[in-house]
Amino acid sequence: MSCDFVSCCFRINVPTEKYRTIGNWVGAFVAALILHYILLILGIPSDLLLVVVATGKVVQWALNSNADDDGRNNDNAFIQGEGGVENGSSSTMMTPPTNQNAGGSTSTESGVLQVDPYDTTTSPLSQQQQQQDQNDNNSPMTTPILPRPSAQRLRYYFLDNLKIFLTALVLTHHVSCAFGACGSAGWYLGVGDDDNEAVTAFSEVLKIFTFMNQGYFMTLFFLISGFFTASSYDRKGKSPAMFLQDKVKRLLVPAVVCSYTTNPLALLISQWSRDQSLFYFPHAGACWYLYWLYIFCFAYTTLADEKAVASAANGQDNVIVEEQGVVRDDDFNRQQSSATLSSTVEEHVTAAADVSSNQSFQFPSTKTRIVKYGLLFCGFYMLIVAVLTGVHTFYGMPIFIGSFVNDIVMFTAGITAKRYGVFDRNIAEQLDVSLICFRSIVAIEIAAMIFVGILLMWSPIWYLVLGLVAGPYCVDMNLALLQIFQVTADSVSSLSRKLAKAAYTVYLIHPLIIVCVTAVYIEAYNTLDGIQIEFDDDSPVSPTTIGNGDMAMGW
């Protein structure tokens, strides 16, 4: 990893200690690669080790949370006893502050499971704090200040809507895998194996569809997660311990639960539908994303420069736009006239949007984006990782185009976008070429991907050409979608708010739902068509030829 890339992504000057940290992570990757090969020789899937280790982290977190709760309960009991709750008199018990986000969901700081690793909301001020401010204002011994009305920070609605789109794309992708688009071992249960010589035209279309998706869609998830990882780290007081404890609750707990419940159940249904012997096997499945996101978050805590992070956050994280015409932060507690208020709001928002200019950030040029981040990092380096791992998955993560190195690049790009306020300004205006020229480049990259996918698939030079084409495609496709959604979908409705809240849950449970529906389709096809869909012992995807019409209807 080059020095300037790390400096750009993590806002660090890469001093000697940072070189050691980066070296440690490279060494950790080599050790994980060696262990991966050992497990491969032993016939043990490496994602099982990931699940076991994560289970240990979750158990440790649960024990610590119980211990903290017991301590707080004892303290409350002591305080109530000293306070004289006598003769049946009532008392007001202190409760953890409850936050109400724009979507209408509530959460407490003491342990309610948060199920969104890329939450785009920032909680308003607690009622308890507002009451305290009101009490201070009413006190004759203090200088009157404005009470704090309900407030919310600037939101990025287009990221909410982009998250909804990507979740729907993941579902469609896996439904396509159930109809042979991902090969003979790419999904729990499927029909129309695309490795079969009698593959249908419909399967070919689905294969190109999933091929194009694989090149970018999960990397865009990591970019969005990286964007909100930076602000989440700041809200935890830049404390790695508090930050990672929160990520265990948000990421590892739901991932581990699904790894032991819904994912094995999907596998059991697949075995039953194929008339295979049943066996229970916990595994990561689609939750690999959550496990790896936790690893990336942990890596961020070891690489983030506290001084640079604080400098970048200054003027941005403290800006609060009040709905009732009041602007207040920790250093601004006075009344303003309507004219002065309007000017102050504009100055604060402008300061937040112009953080990047104060930090001398330059948006990557087209040449840098395509050659450095596209061809080198997401292309050549990804090709090296694919050769080194030698299999389709690496600790649960699918190893193909648009994975691993691409995920790292996009995660750090999300952090960079947050630190420099990239999304606070129009993305198109930050490009060094016109929007028409940029979209023309993206269209050429899409055409090149389709050409490689159709005509060069599995040819001797396929991997080399794919690496050269897929890298720039990944980078520019992500940027293109961000630009399109920023311009056309930066709004919120009651429906989009509900979909955004449900997206994470849908992502967790969709494999089980798809497998159940696929099993019903197979049973219905066998009953109504009179042709039995048969399975080989070593493949969950049937090689039985199914007509285009039946395939399309099932899909």
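Positions are given from 1 along the sequence.
Nearest heavy-atom pair, G215 versus C474, reported as atom, atom and distance to 0.1 Å: O-CB, 3.2 Å. Summarising the geometry of L508 relative to C287, their closest heavy-atom pair is CD2-SG, 4.0 Å, with the distance given to 0.1 Å. Closest approach of E445 to Y473, counting heavy atoms only: OE1-CA, 3.9 Å. The heavy-atom pair separating P264 from H283 by the smallest distance is N-CE1, 3.8 Å. For L223 against A413, the heavy-atom pair with the smallest separation is CD1-CB, 4.3 Å. For Q214 against P398, the heavy-atom pair with the smallest separation is NE2-CB, 4.5 Å.
Counting only residues at least two apart or in different chains, salt bridge (Lys or Arg N to Asp or Glu O under 4.0 Å) contacts with residues 33-52 are absent. Counting only residues at least two apart or on different chains, the salt bridge (Lys or Arg N to Asp or Glu O under 4.0 Å) pairs with a member in residues 462-479 are R369-D476.
In this structure, Y289 and F222 have perpendicular ring planes: the angle between them is above 60°, well past the 30° mark.
Between W288 and Y395, the ring center distance fails the sub-6.0 Å criterion. If you look at Y156 and F227, their ring centroids are closer than 6.0 Å. In this structure, W25 has its ring center closer than 6.0 angstrom to the ring center of F298. Separation of the F217 and F165 ring centroids does not fall under the 6.0 Å cut-off. Checked against a 6.0 Å centroid threshold, the rings of Y280 and Y260 do not count as neighbours. A ring-centre distance under 6.0 Å is not found for Y300 and F411.
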Could you go step by step and tell me if V515 and T518 meet the side chain to side chain contact (heavy atoms under 4.5 Å, CB included) rule?
CA-CA 5 Å; V515 171; T518 304; 5.6 Å; no
Hey, mind stepping through F209 and N213 against side chain to side chain contact (heavy atoms under 4.5 Å, CB included) and telling me if it holds?
CA-CA 6 Å; F209 172 73; N213 291 342; 3.2 Å; yes
Can you list the steps and then say if F438 with T366 is a side chain to side chain contact (heavy atoms under 4.5 Å, CB included)?
CA-CA 8 Å; F438 168 68; T366 301; over 6 Å; no
Kindly indicate, with the supporting measurements, whether the criterion ring pair (Phe, Tyr, Trp, His ring centres under 6.0 Å) is fulfilled by F423 and F158.
CA-CA 10 Å; F423 295 158; F158 77 96; 5.7 Å; yes
Can W292 and L50 be said to form a side chain to side chain contact (heavy atoms under 4.5 Å, CB included), step by step?
CA-CA 9 Å; W292 278 94; L50 198 66; 4.3 Å; yes
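S239 and Y233 form no side-chain donor-acceptor contact under 3.5 Å, judged by distance and modelled atom types alone. In the model, S496 has no side-chain atom that pairs as donor or acceptor with a side-chain atom of Y157 under 3.5 Å. T389 and Y37 form no side-chain donor-acceptor contact under 3.5 Å, judged by distance and modelled atom types alone.
Residues F281 and L48 form a side-chain contact, since some pair of their non-hydrogen atoms from C-beta on lies under 4.5 Å apart. Side-chain contact between V506 and L171 is present, with at least one heavy-atom pair separated by less than 4.5 Å. Between F179 and W187, every side-chain heavy-atom pair lies at or beyond the 4.5 Å cut-off. Using a 4.5 Å heavy-atom cutoff, the side chains of S277 and Q271 are not in contact. No side-chain heavy atom of L479 sits less than 4.5 Å from a side-chain heavy atom of V442. Between Q483 and R439 the shortest side-chain heavy-atom distance falls below 4.5 Å. Under the 4.5 Å side-chain criterion, counting only non-hydrogen atoms from C-beta, L376 is not in contact with M382. Side chains of F279 and L268 form no contact here, defined as non-hydrogen atoms less than 4.5 Å apart.
Using modelled atom types, one side-chain atom of Y291 and one backbone atom of A255 make a donor-acceptor pair closer than 3.5 Å. Proximity of a side-chain donor or acceptor of D160 to a complementary backbone N or O of A500 within less than 3.5 Å is not detected. Distance alone, capped at 3.5 Å, places no donor-acceptor pair between the Y373 side chain and the G471 backbone. T167 contributes a side-chain N or O that, together with a main-chain N or O of K163, makes up a donor-acceptor pair within less than 3.5 Å. A donor-acceptor distance shorter than 3.5 angstrom exists from the side chain of R274 to the backbone of S270, with no hydrogens or angles considered. Of the possible donor and acceptor atoms, none in the side chain of T368 sits under 3.5 Å from a partner among the backbone N and O of P364. Here the side chain of S403 pairs a donor or acceptor atom with the backbone of F400 at under 3.5 angstrom.
Listed by chain and residue number, nothing satisfies the side chain to side chain contact (heavy atoms under 4.5 Å, CB included) test with T393 (two or more places apart in sequence, or in another chain). Among residues two or more places apart in sequence or in another chain, the side-chain hydrogen bond (donor to acceptor under 3.5 Å, both in side chains) test is passed with N478 by T219. Among residues two or more places apart in sequence or in another chain, the ring-ring contact (aromatic ring centres under 6.0 Å, His included) test is passed with Y294 by none. The side chain to side chain contact (heavy atoms under 4.5 Å, CB included) test applied to L39 returns L35, I44, S46, L49, not counting sequence neighbours.
The structure places CG of L267 at 10.5 Å from CD of Q276, a figure rounded to the nearest 0.5 Å. Note that SG of C378 is 11.5 Å distant from CD1 of I401, once rounded to the nearest 0.5 Å. Remark: I269 CD1 to Y188 OH distance equals 11.0 Å, nearest 0.5 Å. Taken to the nearest 0.5 Å, the OG atom of S365 stands 9.0 Å off from the CD1 atom of I370. Distance check: L220 CG to D407 CG gives 11.0 Å after rounding to the nearest 0.5 Å. Distance check: Q60 CD to Q245 CD gives 7.0 Å after rounding to the nearest 0.5 Å.
We find that D234 and K418 are not joined by a salt bridge, their nearest charged nitrogen and carboxylate oxygen being 4.0 Å or further apart.
Of the options L252, L251, L244, a side chain to side chain contact (heavy atoms under 4.5 Å, CB included) to V248 is made by L252 and by none of the others.
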